[in-house]
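For reference, the structure is listed below as structure tokens.
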There are 2 protein chains.
Amino acid sequence: MTQGAPSARTGRADGAAAGAMDIVSDVTQPPRRPRKRSATRSVTLSDVAAAAGVSAQTVSRVVRDPRSVPDETRANVEAAIAATGYVPNLAASNLASNRSRTVGVLVPQINASVFADTVHAFSTALAAHGYQIFVGTTDYRPEHEEDVLRSFLGRRPDGLLMVGTDHTPGTRALLAAAGVPVVETWGWSDDPVDLLVGFSNAAAAAAMVGHLVERGRRRITFAGRHTSGDPRAAERLDGYATAVRELLGTAPRTVDAGPEPVTMDTGVTLLDLVLERHPDSDAVMFSSDVFAAGALQACVRRGIDVPGTLALAGFGDFELARHLVPSLTTVAVPGTLIGELGAELLLERMRGTPVGVPHRDVGYRVVARASS
Amino acid sequence: MTQGAPSARTGRADGAAAGAMDIVSDVTQPPRRPRKRSATRSVTLSDVAAAAGVSAQTVSRVVRDPRSVPDETRANVEAAIAATGYVPNLAASNLASNRSRTVGVLVPQINASVFADTVHAFSTALAAHGYQIFVGTTDYRPEHEEDVLRSFLGRRPDGLLMVGTDHTPGTRALLAAAGVPVVETWGWSDDPVDLLVGFSNAAAAAAMVGHLVERGRRRITFAGRHTSGDPRAAERLDGYATAVRELLGTAPRTVDAGPEPVTMDTGVTLLDLVLERHPDSDAVMFSSDVFAAGALQACVRRGIDVPGTLALAGFGDFELARHLVPSLTTVAVPGTLIGELGAELLLERMRGTPVGVPHRDVGYRVVARASS
DNA sequence: AGCTCTGTTGTTAGCGCTACCGGCAGCGCT
DNA sequence: AGCGCTGCCGGTAGCGCTAACAACAGAGCT
């Protein structure tokens, strides 16, 4: 009922204007129609200005910085805004001011709720300063990251938050050319692009190995999606392998999910692979709680004693982990803190003030529960 | 290392240009500095045009519709684009063309993965047609919807997807004034704003009651978050209440989570409330799988026999539901289909072609599993 | 009175892009 | 030859907004 044909609404006013001008113009001249383009249907700043009896500039000031205008004028303009139903056109604002008040967020996957906390905290913190967030996902395909980034840059964001520290040369080149402030998160790097809020995935995985060894496990297998576009899983694998060699002096035992999605189904598949390839395992470390949860429930269903026969551990400390029976041992990562700190650093950088400590290690915590 | 001071780069070129103009201009005139504003740091269309030896218009054509330009010219321009590292400024494009190639998506919550499937399918389908998606969340606060919508409209989206059919008058007024194509989803309404792809939450809940009655349950309690900003939960409650009265002839028995978040913890709280207020219940229907999953695991932990003593049912058919032990009876909703159909209808509307069937009922399916 | 200073408002010239038109070849037709 | 037609390309005038300045009134000072 609302719809109608929006473009149809424009014709009339323009036609009338054109007619009036034609009458005034010299007849010997070609008609020289003002060939107005499809004028926008919406209320503009100058409409509001006309309604309030002030200049467009004053309206603009009221919209952007109400305190810069005396109370009476402001009230007057605000009334006009309400009366006309004015909604500022941000595209025009961005173009004129060369600021978009917009920050892009690049995550591998949005429903994989590890990052959801980070994104939520980040966007809440930035919203308080008038920034809007737009989120893009790479679907765990690093080569996709470059495409998404390119289309992001078309929006001229004032800043970027990215999950991961591992980027293609193309991505780094784009970032360098754009000169946009960037926070990398959820990883650690000796050569960050700009700002960094994260932790060492390798150290976290090594700590988990330490925990399992402490609990008496000796044949620990790593199961994850580490060869197909999840650099964080690969880093965890590295940490695992190093720790196993150091603490147990044995060769690492791993199982890979390939390009399978991060789902509980894949977790079951991984468990099957472990039982097939490394049937003597006494513990399995998964690269994600999602995998571990799928595997854990499969064990319960099949009567495999957890942790008696097999200890299981995940990564991420999703809410699910502590609700499962048995509850799941995992690595807790401060996702919300990452988002908050990331916002803080990015705000400083966007403001142009020097950033005190541009690289922050938020750490991790091994959460020992019943599954180990 | 990337950062530097972007604004510092501009001064030189502009200064030189100003000098040249001053020499040409009449000396009696005041200097009339061209007072260039903080020129953008980035490569523009005309930079590319100069590099390729064509007009800006031709470059624009190559970017927007490569087939409208002969092969040779196109290759030439594309080489110039690559050489200069040009990234189109979408704000300028939007402003000039009055099209943003952008679609806004409004969901209550993004990590509540029911909607994740819909959003993912929707954004994939629209990306294929050159549209970008931006997502906003209302955090299950309907009054928040209006704010989010207002800031969305500032971006002048070509279309909108909203979860829910229940909107404040303010929201409806904004939508009407903007004249933007809209798809409402995940509900059903006799008076939709524009397009509609959904199903009846009430009918789905009633069907679940039917299933539980069929399995011999007589004292079914509804537990959810239906009074605090989740209209879909409220609709489900309605359907439940009607069905209970019809099929069992008893009064509905409900328990409400109030404004608590949709988490498994809240599910446990709801279970406690049920056991306290309606201790003779032989079945509990939750308004979400998340609640049901929390309650189910709590039952397992406490030794409450499911479904022997108490049958449990959820809503949404998350992946988790079929992995739990016992597996969870729930209502499956075709989230992905909703996203795909929504994209299809919206594309037609945005294209301006008449939409055949603007309201689509995608239905639902009761999935009977072990928990009932 | 003359001056500076501050607060408030208006004017102007773009931001980078695209719609709209016009011009010019080259082609096939009468 | 003259006509229209199509394909290709460029010039021009904005889209709606804001940065940068300008103008002016009134206050406070010398």
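The chains referred to below are lettered A, B, ... by the order of the sequence lines, with proteins before strands, and numbering in each begins at 1.
A straight line from CZ of A:R156 to C1' of C:dC15 spans 11 Å, rounded to a whole angstrom. Atom pair B:D47:CG and C:dC15:P shows a separation of 12 Å (rounding to whole Å applied). Rounded to whole angstrom, the span from the CG atom of A:L90 across to the C1' atom of C:dC15 amounts to 15 Å. A:L45 has its CG atom 12 Å from the P atom of D:dA19, to the nearest Å. One interatomic measurement links the two molecules: CG of B:N89 to C1' of C:dG14, which rounds to 14 Å at whole-angstrom precision. To the nearest angstrom, C1' of C:dC17 lies 16 Å from CG of B:D65. Taking atom CG of A:N76 as the reference point, atom P of C:dT9 lies 10 Å away to the nearest angstrom. Straight-line distance from the CZ atom of B:R99 to the P atom of C:dT18: 11 Å, rounded to whole Å.
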Would B:D147 and B:R150 count as a salt bridge (Lys or Arg N to Asp or Glu O under 4.0 Å) here? Give the steps. CA-CA 5 Å; B:D147 294 337; B:R150 190 180 299 276; 5.3 Å; no

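Proximity of B:T58 to the phosphate of D:dC9: no side-chain N or O atom is located under 4.0 Å from OP1 or OP2. In this model, the phosphate group of D:dC17 is not approached by any side-chain N or O of A:S60 to a distance below 4.0 Å at OP1 or OP2. Between D:dC9 and B:T73, a contact under 4.0 Å exists linking OP1 or OP2 to a side-chain N or O. Contact annotation: A:S93 side-chain N/O to D:dT18 OP1/OP2 distance is under 4.0 Å.
The closest donor-acceptor contact from the side chain of B:N94 to the backbone of B:A91 lies at 3.5 Å or more, if one exists at all.
In summary, the side chains of B:T165 and B:E184 do not present any donor paired with an acceptor at a separation below 3.5 Å, with no hydrogens or angles considered. Side-chain contact check for B:R172 and B:T168: no donor-acceptor pair (N or O, by modelled atom type) lies under 3.5 Å.
Toward the 5' end of DNA chain C, the nearer of the two residues B:R64 and A:S68, judged by each one's closest nucleotide, is A:S68. Across the interface with DNA chain D, nearest-nucleotide mapping of B:V54 and A:V63 shows B:V54 to be the residue nearer the 5′ end. The nearest heavy atom of DNA chain C to A:R67 and to A:A56 marks one nucleotide each, and the one closer to the 5' end goes with A:R67. Comparing B:S55 and A:R61 by the nucleotide of DNA chain D whose heavy atom lies nearest to each, the residue mapping closer to the 5' end is B:S55.
Minimum atom distance to the side chain of B:Q57 is reached by D:dT12, of the listed D:dT12, D:dC8, D:dC17. For A:V69, taking side-chain heavy atoms from C-beta onward, the closest of the listed nucleotides C:dT9, D:dC17, C:dT18 is C:dT9. Listed candidates were D:dG11, C:dC15, D:dG14. Nearest to the side chain of B:A96 is D:dG14.
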List the atom pairs, with distances to 0.1 Å, where a side-chain N or O of residues 125-134 of chain A and a protein N or O form a donor-acceptor pair under 3.5 Å, not counting sequence neighbours.
residue: A:Y131; atom: OH; partner: A:R99; partner atom: NH2; Å: 3.2
residue: A:Q132; atom: OE1; partner: B:R155; partner atom: NH1; Å: 2.4
residue: A:Q132; atom: NE2; partner: B:S151; partner atom: OG; Å: 3.3

